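What you see is a predicted model, and the numbers here were worked out from it, not measured in a lab. Whatever order the structure lists them in is the order used to number ligands and atoms, beginning at 1. Hydrogens, waters and symmetry mates play no part in the numbers below; they use all other heavy atoms, side chains included.
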Amino acid sequence: MWFASDNTSGAAPEILEAVVRANAGYASSYGEDAAMARVTDRVRALFEAPEAAVYLVATCTAANALGLACLCPPWATVYCHRRSHIEEDECGAVGFHSGGATLAPLEGAHGKIDPGKLALALEAGASASVHNVQPGALSLTNTTEAGTVYTPAEVAGLAGQARARGLPVHMDGARFANAVAALGCAPAELTWQAGVDVLSLGATKNGCLGVEAVVLFDPRRSREFELRRKRAGHLFSKHRFLSAQIEAYLDDDLWLRLAKRANARAAQAAAGLAATPGVRISHPVEANMLFASLPAAVDRALQAAGAAYYSWPDPQAVATADGERVSVRLVCSWSTEAADVERAVAIAAGAMAPLP
Ligand SMILES: Cc1ncc(COP(=O)(O)O)c(C=O)c1O
């Protein structure tokens with residue numbers, strides 16, 4: 001019963017097999033490998049973006065920070081959600097890699113930036129003087145950090161506001177596959193057609209060993225990205241092993257099949273826990289993450305049975321008159337077993353069953 005993070009799952013067999021195949025013989029280094037040329041073609045075809053530039057790095061922090069650094073000068077600020085990974089969990093990487101850009105965190109329910117709050121922030125930014133940081137870019141996360149999914153229309157609404165002010169748009173797609181799997185839309189609809197300029201296309205959480213793609217829909221930024229990636233130490237010499245992972249990931253829609261599996265397990269957990277007395281689901285469960293407020297008895301029973309998950313502070317889920325509660329995050333991955341979800345739900349239900 002391992003629900004701590006999709007990062008705690010292993011790599012999918014298809015990915016491992018591709019890496020082993022890539023080990024044969026010799027290949028050009030530093031991204032000049034033949035597999036990378038195929039990856040670029042595949043990503044361009046998938047996104048219906050024949051001009052897009054595609055680069056691989058090993059972490060999504062690097063993908064986000066290097067992508068945003070290409071969009072923002074050091075004196076700019078990036079509008080993002082208050083709970084976004086770039087704001088809360090990347091140790092200031094955007095500022096570091098951009099040479100000083102700051103973040104402007106915005107509120108919004110269920111992990112989504114409130115369009116009204118963005119409008120106010122952009123309005124205020126429009127009158128920035130030489131004494132202030134300047135509006136730089138908008139960053140959206142999809143799947144959001146609350147496990148919800150922005151629709152193409154929602155992305156277009158927020159991105160449209162930024163673009164109307166001349167600002168570019170970045171998307172943290174650490175769990176982009178889970179969002180596309182949930183929506184059933186074309187990747188293009190959720191990105192450049194909705195106004196996204198740069199996408200961090202996640203793969204590690206969804207079955208790869210360690211690789212993320214950065215997709216620059218405007219290739220004019222490609223040289224700058226190449227230089228920033230090298231300078232950041234993210235241009236891999238034996239790059240073929242990164243290419244092999246992404247090639248296998250996109251083969252036969254593996255990326256979507258893995259994400260659908262993870263999403264289905266989260267839906268199963270949500271249905272089971274929502275039916276458990278006292279459990280409150282905190283955000284709509286739309287992809288592979290579930291946030292809930294649990295009665296302490298449920299939390300204790302799950303912990304005692306060895307279930308792994310994080311408690312997750314949720315300002316909206318404070319202790320109430322009906323007793324002590326614990327806010328938690330449960331994440332399902334491509335490898336989560338239905339039986340483990342079933343068992344966790346049964347333990348939760350058992351903890352709330354009336355004593356005989
Ligand atoms: C939404 C989101 N973006 C970015 C990252 C960063 O990924 P990495 O740990 O590979 O740098 C994470 C990691 O958990 C994440 O959840």
*asked:* Does Phe47 form a ring pair (Phe, Tyr, Trp, His ring centres under 6.0 Å) with Phe217? I'd like the steps, not just the answer.
replied: CA-CA 9 Å; Phe47 283 87; Phe217 294 105; 5.7 Å; yes
*What atoms of ligand 1 come within less than 4.0 Å of a heavy atom belonging to Glu145?*
1 (C)
*Identify the closest protein heavy atom to atom 12 (C) of ligand 1: which residue and atom is it, and at what distance?*
His85 NE2, 3.1 Å
*Just one of Arg42, Arg38, Arg257 clears the salt bridge (Lys or Arg N to Asp or Glu O under 4.0 Å) bar with Asp251, so which one?*
Arg42
*Between Cys60 and ligand 1, does any nitrogen or oxygen pair lie at a separation below 3.5 Å?*
yes
*Close approach of Glu90 to ligand 1, heavy atoms, under 4.0 angstrom*: yes
*Kindly identify the option in Ser5, Cys91, Ala174 whose heavy atom sits closest to atom 2 (C) of ligand 1.*
Ala174
*Atoms in ligand 1 flagged as close to Thr61, the criterion being non-hydrogen separation under 4.0 Å*: 6 (C), 7 (O), 8 (P), 11 (O)
_Hphob cluster co-occupancy, Ile113 + Phe291, side-chain heavy atoms under 4.5 angstrom_ = no
*According to the interplanar angle, ranging from 0 to 90°, do the rings of Tyr55 and Phe225 count as parallel (below 30°), tilted (30 to 60°) or perpendicular (above 60°)?*
parallel
*At a 4.0 Å threshold, what atoms of ligand 1 neighbour a non-hydrogen atom of Thr59?*
10 (O), 11 (O)
_Arg82/Glu145 ion pair, N-O < 4.0 Å_ = no
*Would you call Asp89 a ligand 1 contact, heavy-atom distance under 4.0 Å?*
no
*In the protein, what heavy atom is nearest to atom 16 (O) of ligand 1, and what distance, to one decimal place, separates them?*
Arg175 NH1, 3.1 Å
_Using a 4.0 Å cut-off to any heavy atom of Lys205, which atoms of ligand 1 qualify?_
7 (O), 12 (C), 13 (C), 14 (O), 15 (C), 16 (O)
